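The structure displayed is predicted, hence computed values, not measured ones.
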Amino acid sequence: QGQLVESGGGLVQAGGSLILSCAASGLSFSNYAVGWFRRAPGKEREFVAAMSGSNIVKYYEDSVKGRFTISIDNAKNTVYLQMNSLNPEDTAVYYCAALDGAAQRMRVTKAADYWGPGTQVTVSS
């Protein structure tokens with residue numbers, strides 16, 4: 001049974017940066033689409049970024065394009081989300097996800113076979 005665990009969340013001032021990590025056990029990211037989602041207080045879960053495990057295709061939600069970067073280190077079986085120029089609207093619980101399918105399907109359907117427990121990101125103004 002695969003498990004995902006996020007780390008790297010915290011409190012940061014507006015304009016700052018954070019790097020989130022997601023480590024997998026029991027599954028190999030190279031065989032999955034991997035992605036990040038977030039849920040802000042009172043809002044539904046929102047797609048943030050996704051990529052194929054082969055590191056070829058990447059998708060981003062419009063509001064994070066140019067600020068966030070998803071990447072994967074298959075040797076470490078870890079996915080990262082580099083977040084720059086953070087603003088208070090980025091405050092949310094961020095979840096890592098893996099899907100046995102295409103990254104495009106993850107983006108469109110918000111579907112995943114595995115989810116991490118989430119890590120809190122708080123951006124102060």
Distance col, row Arg45:CZ vs Lys110:NZ, nearest 0.5 angstrom, shows 7.5 Å

How would you list all residue pairs meeting side-chain hydrogen bond (donor to acceptor under 3.5 Å, both in side chains) that involve residues 92-106, not counting sequence neighbours? Arg38-Tyr94, Gln104-Arg107

Same cluster (ILVMFWY, side-chain, under 4.5 Å), Leu99 and Phe47: yes

Using atom types as modelled, flag every donor-acceptor pair under 3.5 Å from a side chain in residues 21-31 to any protein atom, sequence neighbours excluded.
| unit_1 | atom_1 | unit_2 | atom_2 | d |
| --- | --- | --- | --- | --- |
| Ser28 | OG | Ser30 | OG | 2.8 |

With rounding to the nearest 0.5 Å, note down the distance linking CG in Asp90 to OG in Ser63. 6.5 Å

Does the pair Met83 and Val121 meet the rule for a side chain to side chain contact (heavy atoms under 4.5 Å, CB included), with working shown? CA-CA 10 Å; Met83 305 186 294; Val121 172; 3.9 Å; yes

OG1 (Thr78) and CG (Leu20) are apart, to the nearest 0.5 Å, by 12.5 Å

Taking everything shown except Gln120 itself, do over 12 heavy atoms lie less than 6.0 Å from its CD? yes

Straight-line distance of Ile70 CD1 to Tyr60 OH, nearest 0.5 Å: 6.5 Å

Shortest non-hydrogen separation from Gly118 to Val93 and the atoms involved: CA-CG1, 3.9 Å

Between the CG atom in Leu18 and the CD atom in Gln82, the distance rounded to the nearest 0.5 Å is 8.5 Å

Mind checking whether Tyr59 and Ile72 sit in one hydrophobic cluster, side chains of I, L, V, M, F, W, Y counted as touching below 4.5 Å? no

Following the transitive rule for hydrophobic clusters with a side-chain heavy-atom cut-off under 4.5 Å over Ile, Leu, Val, Met, Phe, Trp and Tyr, establish whether Met51 and Phe68 coincide in one cluster. yes

List the atom of Ala33, the atom of Ala102, and the distance in Å for their closest heavy-atom pair. CB-C, 3.8 Å

My understanding is that only residues two or more places apart in sequence, or in another chain, count here; which of them pass side chain to side chain contact (heavy atoms under 4.5 Å, CB included) with Pro88? Ala14, Val123, Ser125

Give the C-alpha distance, both sets of side-chain angles, the deciding distance and a yes or no for side chain to side chain contact (heavy atoms under 4.5 Å, CB included) between Met106 and Phe37. CA-CA 10 Å; Met106 175 178 276; Phe37 293 79; 3.6 Å; yes

Spacing of OH belonging to Tyr80 relative to CH2 belonging to Trp36, to within rounding of 0.5 Å: 10.5 Å

